[in-house]
Amino acid sequence: AADVELATSNFYLTDADNKLKLTATSSESTQWSLQEVTQIPLTIGSARWASLCFPVNVSIPNEMNDLKVYKGISADAYEVKLEEVSGIIPAGQGVLVYYPFPKNINFPVVYDGETIDDNILTGVLLRRTGLTPKTFYGLSDKSPDLGVGFYLSETTVVPANKVYYKPAVANPSTALRFNFGETTHISVAPSVQQNAGSHYYNMSGQRIVAPTRGLYINSKGEKVFLL
């Protein structure tokens, strides 16, 4: 590609009102320097889940064994099936991140390229507007009653660097729980998970106050059969 030059004879670059401007006064000029970005931070809050979509490739920190990154591989009317991702998160890919404690996590920027196949989650780099309410899901925390999951959005907006899922079916359900394969994970408030086994849910994700004999999911996301 040909080089492009900007002629600024007798003019200087300055910033004013959060805008770049050209000025004829040298005393108003601003010196700029570029610094390489080597990592991008992500904040994990009390919900312990976050979604991300970065504009560059990043690697998943190897030293954090409890850090889990997931893509979505399929979904039905009640749940979205997740599969763990390892290695590198490619630029523009939307994923979900889980860590058991609130923490600021730095993802190192890398220049190696990988792809994530069969990911049904959509990531956005810039704030997306104009979506139709109740036609797409976003990650949300409805604790203490419902916990963390994909909930049908009431808005028309997806924030920058976040993830959403848009089902192909009409009249989607109000929420999707997470399915990790053989074990269905029910996310609940930390205070509930600290009392592991004290709460049970049926296979539709509804909390059962007085469970009887049968198959349930406990607060740790484990399938259990009560006698």
Side-chain angles (χ1 to χ4, degrees), residues 39-61 64 66-100 102-110 113-143 146-169 172-181 184-188 205 221:
Q39 56 188 18
I40 300 180
L42 176 72
T43 298
I44 302 292
S46 60
R48 292 162 295 172
W49 284 90
S51 68
L52 68 81
C53 178
F54 289 151
V56 294
N57 295 352
V58 297
S59 65
I60 301 171
M64 303 185 69
D66 293 328
L67 177 66
K68 304 295 182 182
V69 177
Y70 297 98
K71 67 178 181 178
I73 59 174
S74 64
D76 58 24
Y78 303 103
E79 62 187 23
V80 56
K81 189 173 182 179
L82 302 180
E83 185 176 274
E84 188 172 356
V85 174
S86 60
I88 295 175
I89 305 172
Q93 281 281 357
V95 294
L96 299 179
V97 179
Y98 172 82
Y99 194 70
K103 187 177 180 63
N104 292 325
I105 300 174
N106 291 317
F107 287 79
V109 174
V110 295
E114 291 187 4
T115 60
I116 296 180
D117 298 324
D118 304 321
N119 186 14
I120 65 172
L121 306 181
T122 301
V124 297
L125 296 176
L126 300 176
R127 182 174 182 265
R128 182 168 181 179
T129 61
L131 295 172
T132 304
K134 297 184 178 180
T135 63
F136 66 98
Y137 293 92
L139 182 69
S140 185
D141 181 13
K142 303 288 186 179
S143 298
L146 298 176
V148 177
F150 267 140
Y151 290 89
L152 205 59
S153 178
E154 300 284 346
T155 72
T156 63
V157 176
V158 178
N161 305 120
K162 296 299 181 182
V163 170
Y164 73 97
Y165 167 63
K166 187 175 178 63
V169 299
S173 58
T174 58
L176 299 176
R177 65 177 181 260
F178 297 154
N179 185 305
F180 298 88
T184 300
H185 178 82
I186 302 295
S187 296
V188 292

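Between Trp49 and Tyr99, the gap from one ring centroid to the other reaches at least 6.0 Å.
Within 6.0 Å of atom CG in Leu126, 12 or fewer heavy atoms from other residues, nucleotides or ligands are found, so the atom counts as exposed in its surroundings. The neighbour count for Lys81 NZ, taken as heavy atoms of other residues, nucleotides or ligands under 6.0 Å away, does not exceed 12.
Put simply, the side chain of Asn57 never gets that close to the backbone of Ile88: no donor and acceptor are under 3.5 Å apart. Counting only distance, with no hydrogens or angles, the side chain of Ser173 and the backbone of Ala77 share a donor-acceptor pair below 3.5 Å. At least one donor-acceptor pair closer than 3.5 Å links the side chain of Lys71 to the backbone N or O of Asp117.
The line from CZ of Arg127 to NZ of Lys162 is 14.0 Å long, rounded to the nearest 0.5 Å. Separation of atoms OH (Tyr165) and CG (Leu176) is listed at 7.0 Å; rounding is to 0.5 Å. Between atom CG of residue Leu52 and atom OG1 of residue Thr43 there is a gap of 11.5 Å, rounded to the nearest 0.5 Å. With values rounded to the nearest 0.5 angstrom, Met64 atom CE is found 4.0 Å from Ile105 atom CD1. Distance check: Ile40 CD1 to Asn106 CG gives 10.0 Å after rounding to the nearest 0.5 Å. We find the CD1-OH distance between Ile44 and Tyr98 to be 10.0 Å, quoted to the nearest 0.5 Å.
Among all heavy-atom pairs drawn from Thr132 and Thr135, the shortest one is O-OG1, 2.5 Å. In plain terms, the two heavy atoms of Leu121 and Gly94 that are nearest each other are CB-O, 3.8 Å. Of all heavy-atom pairs between Leu139 and Ser51, the closest is CD2-N, 3.8 Å. Scanning both residues, Ile60 and Leu67, for their nearest heavy atoms gives CG2-CD2, 3.9 Å. The heavy-atom pair separating Phe107 from Ser59 by the smallest distance is CD2-O, 3.6 Å.
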Worked check of side chain to side chain contact (heavy atoms under 4.5 Å, CB included) between Gln93 and Asn119: CA-CA 8 Å; Gln93 281 281 357; Asn119 186 14; 3.0 Å; yes
Candidate pair Phe136 and Val158, rule side chain to side chain contact (heavy atoms under 4.5 Å, CB included), full reasoning: CA-CA 10 Å; Phe136 66 98; Val158 178; 3.7 Å; yes
Verdict with reasoning, Leu96 to Leu82, per side chain to side chain contact (heavy atoms under 4.5 Å, CB included): CA-CA 9 Å; Leu96 299 179; Leu82 302 180; 4.1 Å; yes
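The side-chain heavy atoms of Val97 and Leu42, taken from C-beta on, include a pair separated by under 4.5 Å. Annotation: side chain of Ile89 is not in contact with side chain of Phe54 (no heavy-atom distance under 4.5 Å). Counting heavy atoms from C-beta on, the side chains of Pro41 and Asn104 never come closer than 4.5 Å. In this structure, the side chains of Pro100 and Asp66 come closer than 4.5 Å at one or more pairs of heavy atoms. In this structure, the side chains of Tyr137 and Pro172 come closer than 4.5 Å at one or more pairs of heavy atoms. Using a 4.5 Å cut-off on side-chain heavy atoms (C-beta onward), Ile116 and Val85 make contact. At a threshold of 4.5 Å between non-hydrogen side-chain atoms, the residues Val124 and Cys53 do not count as touching.
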Return a table of donor-acceptor pairs under 3.5 angstrom between the side chains of residues 146-155 and protein atoms on other chains or two or more places apart.
unit_1: Tyr151; atom_1: OH; unit_2: Gly147; atom_2: O; d: 2.9
unit_1: Ser153; atom_1: OG; unit_2: Thr155; atom_2: N; d: 3.1
unit_1: Ser153; atom_1: OG; unit_2: Thr155; atom_2: OG1; d: 3.1
unit_1: Thr155; atom_1: OG1; unit_2: Val157; atom_2: N; d: 3.4
unit_1: Thr155; atom_1: OG1; unit_2: Val157; atom_2: O; d: 3.3

